[in-house]
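Residue numbers begin at 1 in each chain, while the letters A, B, ... track the order of the sequences.
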Amino acid sequence: GHAEAEAKKYKIYLSNNFVGNDWRQQMERVANVSVSKGPLEGRVDLKIENVENTVQAQINSLNNIIRSKPDAILIDAGSDTALNPTIKKACDAGIVVISFDQVVTEPCAYALESDWKRIPAVMAEWMAQQLGGKGKVFVDRGLAGAPISAALEKGYLDVLKKYPGIEVVGSYNGEYALGPEQAGVASLLAAHPQVDGILTQGYGSGAIKALQDAGRTIVPVVGFTYNSSALACAKTEGAKCILGSNPAYLSSEAIKLAVDILDTGKKPAERHVLVNGDFLATAPFKSELYPDAVTQVIEIGKNAFPDAPPGLTLPITPDWVTITAAEASGS
Amino acid sequence: MTMTLPSPAKSVAKRDGDAARDRSTWLIDRAPFLIACGMLAVLVAIYGTLREGVFTFEELNLDTAAAMTLLLAATGQTIVLLRGGIDLSIGGMISLGTVLAATQFGGSPLQVAFAALMIALLGFAIGVCNGLLISVLRLQPFLVTLATWSILSGTALMILPTDGGQLPDFWMAFGNASLLGVSSSVGLLVLLILFWVWFRGTRLGIEIRATGSNQRSAELSGVSILRINLLTYGLSGLFAALAALYLTTQTGTGSPTIGKDYILPSVAAAVIGGISLFGGRGGMIGTIVGAFILTIIGNLVFVLSVSSYWQPVVSGVILLIAVLASSLAEKSARRSLS
Amino acid sequence: MNALLARHRAVLLAYLGMIVLLLLTSFVSQGFLSGSHLRTMAVLSAFIGIVALGQTFVIIGGGIDLSVPWVLNCAAVLVTLMANGADGPLIYAIPIALAGGALVGALNGFGIALFGVPPIIMTLAVNVILQGGILIYTGGAPTASAPPLIQFLAVGRIGPLPVVVLIWAALAVAATLLLSRTAFGRYLYAQGTSATVAEFSGVPTLRITVLAYTLSGFTAAAAGILLTGYTAQAYLGMGDPYLFTSIAAVAIGGASILGGSGSYIGTIAGALVLTILTGLLPALNLSNGALLVVYGVVILVTVSLASDAVSDFFAVMTRSFGRRDNAQS
Amino acid sequence: MELIEAVGISKRYGGIVALSRADFRADAGEVHALLGENGAGKSTFIQILAGIIRPNGGTLHLAGRAYQPANARAAEAAGIAAVFQELSLVPDLTVAENIWFRREPLSPIGTVRKRREREATLALFDRYRIPAPAPTREVRRLTLAERQIVEIAKALSRDPSVIILDEATSALPPRETEWLLQLSQDLAAEGKLVIYISHRLAEIRQIAQRVTIFRNGATVATHDTAAVDDETIIADMLGRRMDRLYPPRIATATDRTALKLRGLSVGDRLADIDLDLKEGEVMGVAGLQGHGQRELFQALFGVSRSRGAIEVWGKPVAIRSPRDALVGRDGIALVPEDRRSHGLLLSKSVRENLTLSVVPRFTRFGFLSRSRERALVDEQLRTLQIKAGTPDQLAGTLSGGNQQKVIFGKMLLTQSRILLLYDPTRGIDVGTKGEIFRLMRDLAAKGYAILFYSSDLPEIVNVADRVAVLRNGKLAAILSGDDISEHRILREAMVEARAA
Ligand SMILES: Nc1ncnc2c1ncn2[C@@H]1O[C@H](COP(=O)(O)OP(=O)(O)OP(=O)(O)O)[C@@H](O)[C@H]1O
Ligand SMILES: Nc1ncnc2c1ncn2[C@@H]1O[C@H](COP(=O)(O)OP(=O)(O)OP(=O)(O)O)[C@@H](O)[C@H]1O
Ligand SMILES: [Mg+2]
Ligand SMILES: [Mg+2]
């Protein structure tokens, strides 16, 4: 029964393949916060295992986790396929496995992620609208070899292809870090006297900074919902932006999903569970491709916080628990 | 001089005394290796008290599988380091190997075996190219293999832009098979040790050590440096390819960027096991110990159950203590005997 | 004059490679030689160059420093956290961060010189420890933005010249003087050539090793601080690209990775080559894979220009031409 | 027709002419000495014979046929084996592995049959009565003399018809030298050709039938040894007459004690040494190979750990590293035994090598003064007549004797007034040797104190004021005045050995 399930405390491991960026930090912190209050308070014994960004280390770590027989394993994976045999072992041992953020293809594991089709499509659509269907753009290819990077790039290009007037004149690898984004855009600016828009996979604020440094006019920029990006878009004169969201609270959602499955024994209908965050933009925007996509207008104090750290990912909290900006940034 | 000297042949008797000194210096010379073994024993002992069932074949199977890809990569690296070189390109070769396996393996086991053989040969051939470039251009191995690392990684990415491809089930089953509780990985480890025991004693093995120890002397004795370069880097490429093949039995997929994860650890494993980056000294058994130390540290950090931020700190500190202990012990052993 | 040329051949050829690459790039990408772009390149080279400065000293002395990524990152995070967006606290924040970097370097040096830990392992372990250490210290808090002064240092200009490039130039002069005109430099080369002979000659090997690593920690920290100005904020992982690049810059600059030779002038050429190359690649519009292939090939060709084998080959060619001329006259 | 005929051989290195017109004829069944001052081109010539380097001009015939070895292997195949001045053993291999390197007895699976190899080594040692170290020892740990012997064994193992010994005795102590001289004669008697390079005229008189003399890369003369006197040979070598080799021994010792040792011990190899070295004194250290001389020098320079008390100029000191020893004028400086691995940075210039220990002497406000460094360097180049193209020539490309001079100069520059000279004249030609002995006496007169070991016993006999004889790591005797003779020294060094 329900009451019995309420009493049970689950042992859940979160295996994270990489700690070296702000998003992952926030993701881990949010995970910890969401089991310490709200509906999950006292329900979960959460242990986070970080590995040094190698698939081998994550396999070894997962093997260790499996041997300690937890109820569920949440995985932010270093590869979408290479962990499959190990994950299969976990499933076979009766452990609930949920991959999130960078998900895996192993059918026995759930895949909880942002909608990597919708996000690039809506943002490319926005860009096309800004350009009036005509112009030259740069596209960020993210990180070589990363599945999400490939999905985002493809998403951008698929939509842009529908506008014959739009030409992709250059690509660079932003690697989800400010330095490479800024340097990549700067190199392309040198090669191309004219550019009308930039579709990044990272901050977007790096692209804006590169434009400023090169003394160019600020063109429409696509990026993601980091606090610094929102602030840069709001504060920079003439900036036009749309920011897609890959919420750091994916981890909280994964925990919740795991607890639900463990409590009820009922499995979700779909292996894929999509989490949709709102877009942020400098002006109202209505997508025709995805009419249900919500776009908030960037407003300082409401969804851009000058006092919060620039690396904070927005939105901060899922709706079933309240996580404050301070909790999310750990300050 | 009119004086009659004692017969020089008499000094042959001196050799007995030599032999005793010989044994003690033998120990000192192997101190880094021996102490690495000791450190591994200590780590395993601590691990064993913290976790149940550590002294079982199951644990051995798991740990060997966890260490094996690194071990294979480090075997090639060891050979190159003994020669006084370094091979960064194994990163590219491992990526390329998994990608080729994931895209080319299909059909019957016989076809797969053939493809695997071709990948191994390709690894050797690519290594030979490294050796050729190093010899012909007279460039530092670091630079040449840095460049070929990039070229090989690029090739892997051109074949498979992201992880993917599916290895046949029997291939993976083969990699994880076990007989009487002993896995094929452990079998492979035994083979690797046998290989080394054999290789070390061959003329080529001696020539490689000699070249790493003092290239000029080796050359004066008629060693062809070109041949040594071709063969050492060739073997390194071959072992990188084997590492890739083994890795695919664990991941079941091709991974165009996975190889870089093995470059520094392969060097680290060798150095922990007592190999000098200046060539000529040390051996594979030390490298095996080094690779297992690195793997056990991961297990240890897990069972110590430290909070996530502390994990890297603890693993770094354990590594440092392990190496510090061996460095200090070696130093004092050397001092007390000199 | 000839002797001078011969002595600095590796360095000269590295610059030759750099210039060839620059011309090639300007061919592919029209705006490449524009003032603003050259400035960008110079700024990006400066970061590599500054990290590689300490690395040059360490490598010449026969070691290697793998701890630069997280020394750099820790310094960046510390400074932005302490300053919290304002210039005032920089008065103490910058010195603290620089001193911290130097201290970590000194620890590396002591571990290596005093206890005989292999440099690779020592610095690798310290790198990992720092990575965890900064997470523990900040509690994983996202990083703060860079104060205006640091941004000025990184991207501001004095006249046409970026400030960071001026800083780099000053450091370069200091490094070159240190290597070629001081006892420290003399000892460092001796030690990198043969630690035993250095020891027998009374070289203060412990002090030299510790100093070299201290310098490396210091320059990595300095680069970290400046880099936050470039990106306007610190972020975790900002040091990662500088591990192999800093070593590669030193090696491309003509230093032996096993120690005893090399110069900072050479390293500067190495930093420039690497920056131009990464700047060139996006303009080529290639796939990720093809980019890496091109990167590798260009590195190989560029360093080949500076190799003994190739210059010997040209020497033989010119000499045989010369001989023919003699025969004719 | 003689076995080896070389005519007009030349060899250049860039602007440096190592050989210009070298002629050389030698026949089977003789010991043929090759002489010449440092840098005359002897080693260059034999490296050409051994196929290591190729000449720029000239013709070579071996047994009547044109001989142009493409590499070391080709020379080996032609029956030529050389023991090079700069030893060419592999440090990380054992004695046996070095001797049979690339000719190892192999098992069917391609591995080396170690037992067989060891037995072959011992058989080789017995056949030629080679006083070599145990076959299983690593060469890295051997003394220079031991390495030298292994190198000779390696050459013998090839059963060559021509054996070349390039200053093979320069590091050998008396007993081993005697062995090698006998061996050379035996080999010649067997019909082999022994080409023998040495700066010790006495040895050459003892064994060589003929001598060929090089000067500045060209052949000056070939003589029958019996028909020529030392003065002529020296004049041919140096292009001038030389006054006596050993300077007059004028006692300059004072009452001041420069170095006082009480109960000095090193491991189990040196025990309870009490010794007083006076200001102005040259004290010889003698003893058989491996009886503690090396340990004594190493301990005083802080290279080996020692127990017991050391007083320097009346002050008790602890010397734990060369830095503790090298403390300016009141310090202790060493000419080390192994010049290539302890004394010189082979890939650095002569200039940098000479001044490495005295960098602070030409540092002003933290910066090096090139001109002051240059002055120091020029002075040493002149005093020691170091034959280098320019001060920027790499030390590793100097001739063996000139490398030794660089080390001597480097030590002199430290101005330390206590000098530890471990075989300082090794490989140095007679002309310069005389200069060095004179220099030693001059320094002694200036108040320096010198501890002097030489593998060439007559040098100790003729130069030292007193001689400390070591036996089994203990001080066996201190000889002075007329007691100093080869005979007496050897007797003191061996009494116990004979009794045992
Ligand atoms: N690689 C080289 N580069 C430049 N000069 C060289 C090189 N090798 C030898 N020389 C020069 O050639 C000359 C002859 O040297 P060589 O070693 O043959 O003299 P040597 O007669 O053996 O003298 P020693 O008695 O001191 O051993 C020397 O002046 C030496 O500096
Ligand atoms: N046990 C010994 N007996 C006699 N001579 C020795 C002995 N050990 C070393 N030597 C000599 O003393 C010299 C200096 O000794 P040292 O300890 O520096 O040896 P090493 O070869 O430098 O070894 P390592 O490089 O391992 O320190 C050596 O070159 C060797 O010739
Ligand atoms: Mg030593
Ligand atoms: Mg010579």
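Side-chain contact between B:Val313 and C:Ile136 is present, with at least one heavy-atom pair separated by less than 4.5 Å. Proximity of B:Ser315 to C:Val128: side-chain heavy atoms (C-beta onward) are separated by under 4.5 Å at one or more points.
The residue among C:Ser287, C:Ala251, C:Gly116 with the most heavy atom pairs within less than 4.5 Å of chain B is C:Ala251. Interface check for chain C: of the options B:Ala268, B:Pro312, B:Gly84, B:Pro141, the most heavy-atom pairs under 4.5 Å are formed by B:Pro312. Contacts with chain B were tallied for C:Leu66, C:Val126, C:Ile129; C:Ile129 has the most, counting heavy-atom pairs under 4.5 Å. Chain B forms more heavy-atom pairs under 4.5 Å with one residue of C:Gly259, C:Gly133, C:Gly132 than with any other, namely C:Gly132. The candidate from C:Val303, C:Ile299, C:Ile120 with the greatest count of non-hydrogen atom pairs under 4.5 Å with chain B is C:Val303. Per-residue counts of heavy-atom pairs under 4.5 Å with chain B were compared for C:Asn127, C:Val294, C:Ile247, C:Val298; the largest is that of C:Ile247.
Scanning both residues, B:Thr155 and C:Val293, for their nearest heavy atoms gives N-CG2, 3.7 Å. Looking at every heavy atom in both residues, C:Gly289 comes nearest to B:Leu157 through CA-CB, 3.6 Å. A pairwise comparison of heavy atoms in C:Ile121 and B:Leu320 identifies O-CD1, 4.5 Å as the closest pair. Closest heavy-atom contact between B:Gly316 and C:Ala125: O-CB, 3.8 Å. Summarising the geometry of B:Leu137 relative to C:Ser304, their closest heavy-atom pair is CD1-OG, 3.2 Å, with the distance given to 0.1 Å.
For a residue to count as touching a neighbouring chain, one of its non-hydrogen atoms must lie under 4.5 Å from one of that chain's; by this rule B:Leu324 touches chain C with backbone and side chain alike. With a threshold of 4.5 angstrom between heavy atoms, B:Leu264 approaches chain C through side-chain atoms but not through N, CA, C or O. In this structure, chain C has a heavy atom under 4.5 Å from the side chain of B:Leu88, while its backbone stays farther away. With a 4.5 angstrom heavy-atom cutoff, C:Leu243 touches chain B only via side-chain atoms.
Separating the OG atom in B:Ser95 from the CG atom in C:Leu292 is a distance of 10.0 Å, to the nearest 0.5 Å. B:Ser150 OG to C:Leu300 CG: the interatomic distance, rounded to the nearest 0.5 Å, is 10.5 Å. To the nearest 0.5 Å, atoms CD1 (C:Ile64) and CZ (B:Phe142) are separated by 6.0 Å.
Residues of residues 128-136 of chain B that come closer than 4.5 Å to chain C, counting heavy atoms only, are B:Leu133, B:Val136, ordered by residue number.
In terms of modelled atom types and a separation under 3.5 Å, the side chain of B:Gln140 and the main chain of C:Ile257 share a donor-acceptor contact.
Taking the centre of each ring, C:Phe244 and B:Trp149 come in below the 6.0 Å mark.
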